Q: 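Structure below; questions to follow.
Fair warning: this is a prediction, and the values are worked out from it, not measured in the lab. Residue numbers start from 1 in every chain, and the chains themselves are labelled A, B, ... in the order their sequence lines are given, proteins ahead of strands.
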Protein chains: 2
Amino acid sequence: MRASGGAVPEGYDKYAFEPFAVTVDLAVLTVRAGALQVLLVERGAEPYAGRWALPGGFVLPRESAEEAARRELAEETGLSDLTGLHLEQLRTYSEPDRDPRMRVVSVAFAALLPDPPEPHGGGDAARAMWQPYDELGPLAFDHDRILADAHERVGAKLEYSCLATSFCPPEFTLGELQHVYETVWGTALDRPNFRRKVLATPGFVEPVPGAARLTGGRGKPAALYRAGGAKALHPPLLRPTS
Amino acid sequence: MRASGGAVPEGYDKYAFEPFAVTVDLAVLTVRAGALQVLLVERGAEPYAGRWALPGGFVLPRESAEEAARRELAEETGLSDLTGLHLEQLRTYSEPDRDPRMRVVSVAFAALLPDPPEPHGGGDAARAMWQPYDELGPLAFDHDRILADAHERVGAKLEYSCLATSFCPPEFTLGELQHVYETVWGTALDRPNFRRKVLATPGFVEPVPGAARLTGGRGKPAALYRAGGAKALHPPLLRPTS
DNA sequence: TTGACCATGGTCAGTACGACCATAAAGGGA
DNA sequence: TCCCTTTATGGTCGTACTGACCATGGTCAA
């Protein structure tokens with residue numbers, strides 16, 4: 001039988017309208033307090049009551065998975081302006097027993113937020129909060145795997161795309177940008193070499209005219225940059241091979 | 001509400017069991033007769049009757065999307081030995097109106113076959129056949145976009161993975177391997193340079209002991225190689241930037 | 001025998017990258 | 001006030017990699 005068309009052949013009718021629930025799961029990442037952090041919600045009901053889980057929810061009949069993800073993220077974080085936010089579809093998890101109650105097919109997304117607010121914790125979630133990626137206990141369902149896939153995908157995309165600027169506020173220093181790479185990859189980078197690579201890539205970043213950051217920071221004030229127009233990095237900025 | 005858990009909140013019950021059909025769509029690619037070819041089926045019923053479409057079908061209640069894709073591919077091609085076949089999950093297409101009859105959420109996969117057989121064309125498909133990627137008319141549903149995404153993904157993965165060997169028979173020459181790259185990317189590559197890169201990458205290919213291809217081919221017989229143990233290419237084999 | 005054709009080996013200059021060193025500009029503490 | 005630490009920025013230098021070539025070797029067909 002064909003995926004999205006054709007008459008339903010003999011023997012398939014009883015399956016075609018099997019109640020598959022379709023949901024979205026969100027791996028919302030940010031770089032805060034020098035660490036990679038994840039937005040998690042505490043489950044209030046069985047199964048996995050009291051465990052932490054990725055935020056998410058059902059896809060409504062008249063919206064796409066992307067729209068559902070954006071709606072759930074807005075409800076969870078309380079952010080109203082999610083335009084321009086990077087939402088990356090990871091993959092779809094469809095193992096029959098991933099939810100013990102019923103058949104749930106979940107489309108997973110990764111979202112990157114700069115300088116995020118404290119989450120509301122509303123809805124049916126007992127609590128919602130940011131937690132450091134490296135200090136997580138086991139999550140509910142298969143969310144450990146989803147989160148690991150999100151981390152791997154984001155780490156890989158940093159190499160050949162301008163994604164890192166999505167972790168930064170609209171104006172940022174090269175030190176902050178480097179910090180994003182170091183935090184996601186878990187490695188230290190040479191500052192002058194990083195600088196040379198970034199500035200040599202056309203369209204990655206562009207300087208803010210006549211501005212320099214002064215307050216607060218120790219050391220020499222750094223120049224401010226904005227995200228450039230480029231989407232891909234040529235050549236890529238590869239992770240250390242070690 | 002949570003994606004895969006928690007009680008269904010007020011107002012959501014009527015949506016949770018909305019009959020979302022979940023299907024798989026397959027972009028099956030091969031390199032044949034010097035061109036990139038795609039496995040397509042002709043639709044026999046409305047909508048899009050008579051148009052070509054990607055093979056695929058419903059996910060059954062007790063199987064994952066990956067298992068459904070493998071099953072559909074076996075049914076379509078008649079191949080019994082699909083172990084070791086590379087099946088790459090592309091993404092999920094969930095726009096509400098992508099199928100005019102009902103709400104269908106489709107998980108798309110890309111599959112790579114070396115030297116494939118003629119397809120059966122059985123099932124409910126009127127016909128099934130290989131067609132050159134560059135000479136396709138508009139496909140049914142959103143399959144044009146799925147196929148374009150598959151092409152882009154495969155092209156990108158050739159750069160930093162050993163995926164190209166999946167297009168080749170178990171033993172192949174470096175000329176055949178280069179032909180895969182040239183066909184998928186649509187560019188010509190310098191033969192000595194390609195050779196140098198591939199042989200310098202540990203684990204990409206390994207020579208078949210004491211064998212050389214003689215028959216049939218014009219010119220000097222080429223050495224035979226097998227796929228090596230590596231999965232990723234370090235450093236990557238980048239497309240020409242032009 | 002000759003030439004077309006393909007596989008294979010090698011050269012060479014430009015470039016990119018990693019590992020450094022050096023300088024500039026700010027704040028903090030003695 | 002004078003260091004000293006901290007961070008940003010600029011530069012060097014040798015190695016490795018890449019792209020553009022040229023050259024040779026082996027096989028088949030005309």
Side-chain angles (χ1 to χ4, degrees), chain A residues 34 158-160 168 171-183 185 187-208 210-226 230 232-242, chain B residues 34 158-160 168 171-183 185 187-208 210-226 230 232-242:
Chain A
L158 288 188
E159 290 188 326
Y160 56 90
C168 296
E171 298 187 348
F172 53 87
T173 70
L174 293 186
E176 290 171 337
L177 187 66
Q178 180 177 349
H179 196 68
V180 168
Y181 277 90
E182 292 178 328
T183 303
W185 287 350
T187 61
L189 300 176
D190 182 82
R191 196 178 281 271
N193 290 340
F194 178 83
R195 186 185 178 71
R196 190 212 310 165
K197 275 285 293 183
V198 170
L199 294 181
T201 303
F204 191 4
V205 298
E206 57 186 20
V208 173
R213 161 190 271 178
L214 300 160
T215 61
R218 284 200 298 265
K220 179 176 175 176
L224 288 174
Y225 293 85
R226 272 197 285 261
L233 257 46
H234 274 290
L237 211 159
L238 297 177
R239 282 178 267 205
T241 52
S242 68
Chain B
L158 288 189
E159 291 187 327
Y160 56 90
C168 296
E171 297 188 348
F172 52 87
T173 70
L174 293 187
E176 291 171 336
L177 187 66
Q178 179 177 350
H179 196 67
V180 168
Y181 276 89
E182 292 177 329
T183 304
W185 286 350
T187 60
L189 300 175
D190 181 83
R191 195 177 282 272
N193 290 340
F194 178 83
R195 187 186 176 70
R196 191 211 308 163
K197 275 285 292 185
V198 170
L199 294 180
T201 303
F204 191 2
V205 298
E206 56 186 20
V208 173
R213 162 189 269 177
L214 300 160
T215 60
R218 284 199 299 264
K220 179 176 177 177
L224 288 175
Y225 292 86
R226 271 198 286 261
L233 258 46
H234 274 289
L237 211 159
L238 297 177
R239 283 178 266 206
T241 52
S242 69

Q: Assess the pair B/Phe172 and B/Tyr225: is the distance between their ring centroids shorter than 6.0 Å?
A: no
Q: Rounded to the nearest Å, what distance is computed from the CG atom of residue A/Leu174 to the C1' atom of nucleotide D/dT6?
A: 17 Å
Q: Could you tell me whether the phosphate oxygens of C/dA26, OP1 or OP2, come under 4.0 Å of any side-chain nitrogen or oxygen in A/Arg218?
A: no
Q: Rounded to the Å, how far apart are B/Phe194 CZ and D/dG19 P?
A: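 Going from B/Phe194 (CZ) to D/dG19 (P), I get 12 Å.
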Q: Write down the distance between CG (A/Asp190) and C1' (C/dA22), rounded to a whole number of angstrom.
A: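 That distance rounds to 14 Å.
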Q: Is there a side-chain polar atom (N or O) of B/Arg196 under 4.0 Å from OP1 or OP2 of D/dC17?
A: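 Looking at the OP1 and OP2 atoms of D/dC17, neither is under 4.0 Å from any side-chain N or O of B/Arg196.
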Q: Check the distance between C/dT8's C1' and B/Tyr225's OH and give it to me in whole angstrom.
A: 9 Å
Q: Specify the separation, in whole Å, of atom CD of B/Glu176 and atom P of C/dC6.
A: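 Answer to the nearest Å: 13 Å.
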Q: Under 4.0 Å between a side-chain N or O of A/Lys197 and OP1 or OP2 of C/dA16?
A: no
Q: Kindly compute the distance separating CG (A/Leu177) from CD (A/Glu182), expressed to the nearest 0.5 Å.
A: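 Interatomic distance, A/Leu177 CG to A/Glu182 CD, rounded to 0.5 Å: 10.5 Å.
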Q: Measure from the side-chain N and O atoms of B/Glu159 to the backbone N and O of B/Arg239, and report whether any donor-acceptor pair falls under 3.5 Å.
A: yes
Q: For the pair made of CG in A/Leu237 and P in C/dC17, what is the distance, rounded to whole Å?
A: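 Rounded to whole Å, this separation is 8 Å.
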Q: Nearest nucleotide by nearest heavy atom, which residue falls closer to the 5' end of DNA chain D, B/Pro192 or A/Asn193?
A: A/Asn193
Q: For B/Glu176, does its backbone N or O pair with a side-chain atom of B/Thr173 as donor and acceptor, under 3.5 Å?
A: yes
Q: Side chain of A/Lys220: nearest nucleotide among D/dA8, C/dA16, C/dT8?
A: D/dA8
Q: Using atom CZ of A/Arg195 as one end and atom C1' of C/dT23 as the other, report the distance to the nearest whole Å.
A: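 Rounded to whole Å, this separation is 13 Å.
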Q: Distance check needed: C/dT23 C1' versus A/Arg191 CZ, whole Å only.
A: 16 Å
Q: How long is the span from the OH atom in A/Tyr181 to the CG atom in A/Leu189, to the nearest 0.5 Å?
A: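 The CG atom of A/Leu189 is 9.5 Å from OH of A/Tyr181, to the nearest 0.5 Å.
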Q: To the side chain of B/Ala222, which of D/dG26, C/dA7, D/dG10 is closest?
A: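 Looking only at heavy atoms from C-beta outward on B/Ala222, the closest nucleotide is C/dA7.
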